[in-house]
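So the structure is just underneath, and the comments pick up after that.
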2 protein chains.
Amino acid sequence: MAATETLTAERILEATEEVLRRYGPAKATVVDVARVLGVSHGSVYRHFRTKAALREAVTERWLERTIVALRPYAEAPDAADERLTGWLTALFALKRRKAGGDPELMATFQVLIGENSDVVHRHEEHLVEQIARIVEDGHREGVFAAPERDYATTARAVFDATDRFHDPAHAADWATTDIEDAFAAVISLTQRALRA
Amino acid sequence: MAATETLTAERILEATEEVLRRYGPAKATVVDVARVLGVSHGSVYRHFRTKAALREAVTERWLERTIVALRPYAEAPDAADERLTGWLTALFALKRRKAGGDPELMATFQVLIGENSDVVHRHEEHLVEQIARIVEDGHREGVFAAPERDYATTARAVFDATDRFHDPAHAADWATTDIEDAFAAVISLTQRALRA
DNA sequence: CGAATGACAGATATTGAAATCTGTCATCGG
DNA sequence: CCGATGACAGATTTCAATATCTGTCATTCG
């Protein structure tokens, strides 16, 4: 079956995810990926120049899913302040569910993130853009005050201020009971800062 | 010389720091500490029940230094808003200087922190208390508005919101050029949120 | 012809035997 | 008597030999 399908980058990425999930980042090899696909490892190198490039592509795909999952919250028809809280809450809930539901997978993901800081950087910029749009809308609606410098800077500040609630580096803290209160307090602080 | 002085917990802690500095957290052994002090390793165990307890004590000492260094900023005679910015800036500068000046030592420190999360937790509570006092003073002075819930919660929110600028987990980002702007933006956000 | 293969060199990881370390405690010496 | 010692058992780490992996490329196969 599998042998009859053409070997695409997409199929390789799926197999790589599977292998990473099963063996973890330290033991997942290109040979393993080839084995899952029933091809020689040389064939994998036709689609990805190096193992690092393959991992980077997996990381990108993984992060892309977050962007997609959040888009509905960024484009919700609510007032900007509620939209911002909704978006931040969704981001936190998403990460928290992932971290809590499968800690090993989260650890794997964290290793990949550490290896591909430039990909992460670009991902963060996407997220900050989504925030910036909400803040800009909020100003136009009169819900938020004019930004101190510009929308991008303010959005980045909001992103940084909520860092503890979306950066996987803090995943270990997300299991504690008082994290909800801490999150609510930071959201409240942020809203106060932005409101007109 | 060394043999004539009595063996105290204090001297053992100094030797342990020395050994951690020199060999790093992975290779520093109790035997090394004893060698530096010119005693048998059994003597070290008279003062610290386990190697873990010894490392914990070093961590505590290390964190205590931050508290002491920040006290002047917490008790400065300025208005509360300036005092808060001064304190947060001092905290960031302190950590940043440490991380930038000796990255290896910082890495060592980070390992110790990871091993002793309860000590870190207590340390954070001390820092949050210092913030809480400033926020409380600010409210009394009329510089800051009444807290949403209570001083402790607000102070914790300020601490969490500035996490990216004091948590060693983010030390790698502190070398980038735009970190100053990001810091200024979060400070500005925080001040806006608190001001009356 | 173009995609897939597998042999290969150099780099990296695994393994198990040997060395070192942790923590205890009976004994020593001032 | 009381702090310091060093031998010891079990746990952990190191080291070097062995195996596996990464990335290339001449060759094969459809």
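Residue numbers begin at 1 in each chain, while the letters A, B, ... track the order of the sequences.
Remark: A:P168 engages A:K95, A:M106, A:Q110, A:I113 in a side chain to side chain contact (heavy atoms under 4.5 Å, CB included) (not counting sequence neighbours). When the salt bridge (Lys or Arg N to Asp or Glu O under 4.0 Å) test is applied to A:E180, the partners found at least two apart in sequence or on another chain are A:R96. Every residue meeting the side chain to side chain contact (heavy atoms under 4.5 Å, CB included) condition with B:D32, not counting sequence neighbours, appears here in chain and number order: B:V19, B:Y23, B:T29, B:R35. Judged as a side chain to side chain contact (heavy atoms under 4.5 Å, CB included), and not counting sequence neighbours, A:T177 has no contacts. A search for side chain to side chain contact (heavy atoms under 4.5 Å, CB included) contacts involving B:E115 returns B:R55, B:V111, B:L112, not counting sequence neighbours.
Two residues, A:L7 and B:R46, neighbour DNA chain C, and the one matched to the more 5' nucleotide by heavy-atom proximity is A:L7.
Around CZ of B:F92, the count of heavy atoms belonging to other residues, nucleotides or ligands within 6.0 Å exceeds 12.
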Exercise answer: donor-acceptor pairs, residues 120-135 of chain B side-chain atoms, under 3.5 Å, sequence neighbours excluded:
{"from": "B:R122", "atom 1": "NH1", "to": "B:E60", "atom 2": "OE2", "distance (Å)": "3.2"}
{"from": "B:E124", "atom 1": "OE1", "to": "B:R156", "atom 2": "NH2", "distance (Å)": "3.1"}
{"from": "B:Q130", "atom 1": "OE1", "to": "B:W87", "atom 2": "NE1", "distance (Å)": "2.7"}

Show every donor-acceptor pair shorter than 3.5 Å between a side-chain atom in residues 189-196 of chain B and any protein atom, with sequence neighbours excluded, or say none if there are none.
{"from": "B:T190", "atom 1": "OG1", "to": "B:V186", "atom 2": "O", "distance (Å)": "2.8"}
{"from": "B:Q191", "atom 1": "NE2", "to": "B:D81", "atom 2": "O", "distance (Å)": "2.9"}
{"from": "B:Q191", "atom 1": "NE2", "to": "B:T85", "atom 2": "OG1", "distance (Å)": "2.6"}
{"from": "B:R192", "atom 1": "NE", "to": "A:E148", "atom 2": "OE1", "distance (Å)": "3.0"}
{"from": "B:R192", "atom 1": "NH2", "to": "A:A146", "atom 2": "O", "distance (Å)": "2.9"}
{"from": "B:R192", "atom 1": "NH2", "to": "A:E148", "atom 2": "OE1", "distance (Å)": "2.9"}
{"from": "B:R195", "atom 1": "NH1", "to": "B:D81", "atom 2": "OD2", "distance (Å)": "2.8"}

Heteroatom pairs (N/O) under 3.5 angstrom, protein to nucleotides 11-16 of chain D:
none

- prompt: Can you give one letter per nucleotide of nucleotides 19-25 of chain D, 5' to 3': B if a protein heavy atom sits under 4.0 Å from the base, S if only from the sugar-phosphate, - if neither?
  reply: --SBBB-

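OP1 or OP2 of D:dT5 lies within a sub-4.0 Å distance of a side-chain N or O belonging to B:S40.
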